[in-house]
Number of protein chains: 2
Amino acid sequence: MGGMEERTLKSPSHCTGTEQDYDVRQWDTREGCEVRQILDRVADKWSLLAIAHLERQTLRFSELRRRIEGISQRMLTVTLRQLERDGLVTRTVHPVVPPRVEYTLTPLGATLHATIQALVDWTEDHQEEIAAARASYDSRQDDLAALS
Amino acid sequence: MGGMEERTLKSPSHCTGTEQDYDVRQWDTREGCEVRQILDRVADKWSLLAIAHLERQTLRFSELRRRIEGISQRMLTVTLRQLERDGLVTRTVHPVVPPRVEYTLTPLGATLHATIQALVDWTEDHQEEIAAARASYDSRQDDLAALS
DNA sequence: CGGTATCCGTTCTGATACTG
DNA sequence: CAGTATCAGAACGGATACCG
């Protein structure tokens, strides 16, 4: 999703500008819109998983890596750094050898967890409907293609 | 995010496989996991916006395009096709000239709207905290860099 | 109007190698 | 252990041109 090189904090507030007549207007695409930017981060695949796994427990880097199956070391590092920067995760380095680095949700991160869980729950609850819809759509497409 | 060329429906169910001892296990990264795949789609930037704008109203292609500022014609088409395939959006073609194509949320899509809105609301509610966290993190980084 | 097809630069991501 | 650095391939996404 969005890059991470922007450090433009031009319009920190609600992106009100050219008014439109819908309640979705606060979070559309305008340049410098904070909400959209944060949403991109928060709706990110790996971020979602990391936050979910950190619920109510502190985990080490390698523990997280094992739990989030399929994530590369690089992506886990990048994701955790972003979450740390956003104040959603705390990173604690214990000055021992070998190094021990622990990650925890901040209170802010904890509040996000519930919301994320709702999205995950929705997905679980409706996965069969979606799979069915896809199968149906695909077979219709196949039928159309067969007419050629 | 995820590509759209996979039509593998190998494990349509809950991704239970190599068991792990956490409640997040149902939606991790294993190959063929439906939940993760759907989540990627649903958490997509443009999908979110499209669904949000379609709440309680039918919109034409061009209307959607105007409302979702910054989306290209191609991305809108791609997004709407995905949502249609997933059974979240209905596409109705009126056989008139010039063509008139209308999009509506399906009942399934409507149930997703509430969840998405919760995520958006969270983002709006906490955007200042996040902006502050970022600023704080960045200045700390700058301080560190200054020591070189 | 509502697309589709194509080209192409940008971003993302995984693999690999190396380090304190 | 917990990274960082680098590189290459894949995916994303915009611009453009064309069509029913």
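In the text below, chain A, chain B and the rest are named by the order of the sequence lines, each starting its count at 1. The structure displayed is predicted, hence computed values, not measured ones.
- Here the P atom of nucleotide D:dA2 and the CD1 atom of A:I68 are 14 Å apart, to the nearest Å.
- Distance alone, capped at 3.5 Å, is enough to place a donor-acceptor pair between the B:Q57 side chain and the B:H53 backbone.
- As rounded to whole Å, 13 Å separates atom C1' of C:dC12 from atom CZ of A:R41.
- Note on B:R60: only backbone sugar-phosphate atoms sit closer than 4.0 angstrom, heavy atoms only; bases stay farther off.
- In terms of phosphate contacts, B:R91 brings a side-chain nitrogen or oxygen within less than 4.0 Å of OP1 or OP2 of C:dG3.
- If you take CZ of A:R100 and C1' of D:dG3, they are 16 Å apart, rounded to a whole angstrom.
- What separates CH2 of A:W46 from C1' of C:dT13 is a distance of 9 Å, to the nearest Å.
- Distance CG (B:L59) to P (C:dG2): 11 Å, rounded to an integer number of Å.
- A heavy-atom distance below 4.5 Å is found between the side chains of A:L76 and A:L64.
- Note on A:Y103: every side-chain N or O is 4.0 Å or more away from OP1 and OP2 of D:dC1.
- When each of B:L80 and B:R74 is assigned the nucleotide of DNA chain C bearing its nearest heavy atom, the one mapping closer to the 5' terminus is B:L80.
- Comparing atom distances between the A:M75 side chain and each of D:dG14, C:dG14, C:dG2 picks out C:dG14 as nearest.
- When side chains are defined from C-beta on, B:L83 counts as touching B:I51, because their heavy atoms get closer than 4.5 Å.
- When each of D:dA2, C:dG14, D:dG13 is scored by its nearest atom to the side-chain atoms of A:S72, the top-ranked nucleotide is C:dG14.
- Taking atom NZ of A:K45 as the reference point, atom C1' of D:dA10 lies 12 Å away to the nearest angstrom.
- Hydrophobic clustering of Ile, Leu, Val, Met, Phe, Trp and Tyr side chains at less than 4.5 Å, counting indirect connections, keeps A:V97 apart from A:F61.
- Computed from coordinates, the B:R65 CZ to C:dC1 C1' distance equals 11 Å when rounded to whole Å.
- Comparing A:T77 and A:P99 against DNA chain D, the residue whose closest nucleotide sits nearer the 5' end is A:P99.
- Proximity of A:E84 to B:Y137: side-chain heavy atoms (C-beta onward) are separated by under 4.5 Å at one or more points.
- Within the structure, a side-chain polar atom (N or O) of A:R81 is placed less than 4.0 Å from OP1 or OP2 of D:dG3.
- Comparing D:dC1, C:dA15, C:dT4 by their closest approach to the side chain of A:S62 singles out D:dC1.
- Rounded to an integer number of Å, the gap from CD of B:E102 to P of C:dC1 is 14 Å.
- Listed nucleotides C:dG3, D:dT4, D:dC1 differ in distance to A:P98; the shortest reach to its side chain belongs to D:dC1.
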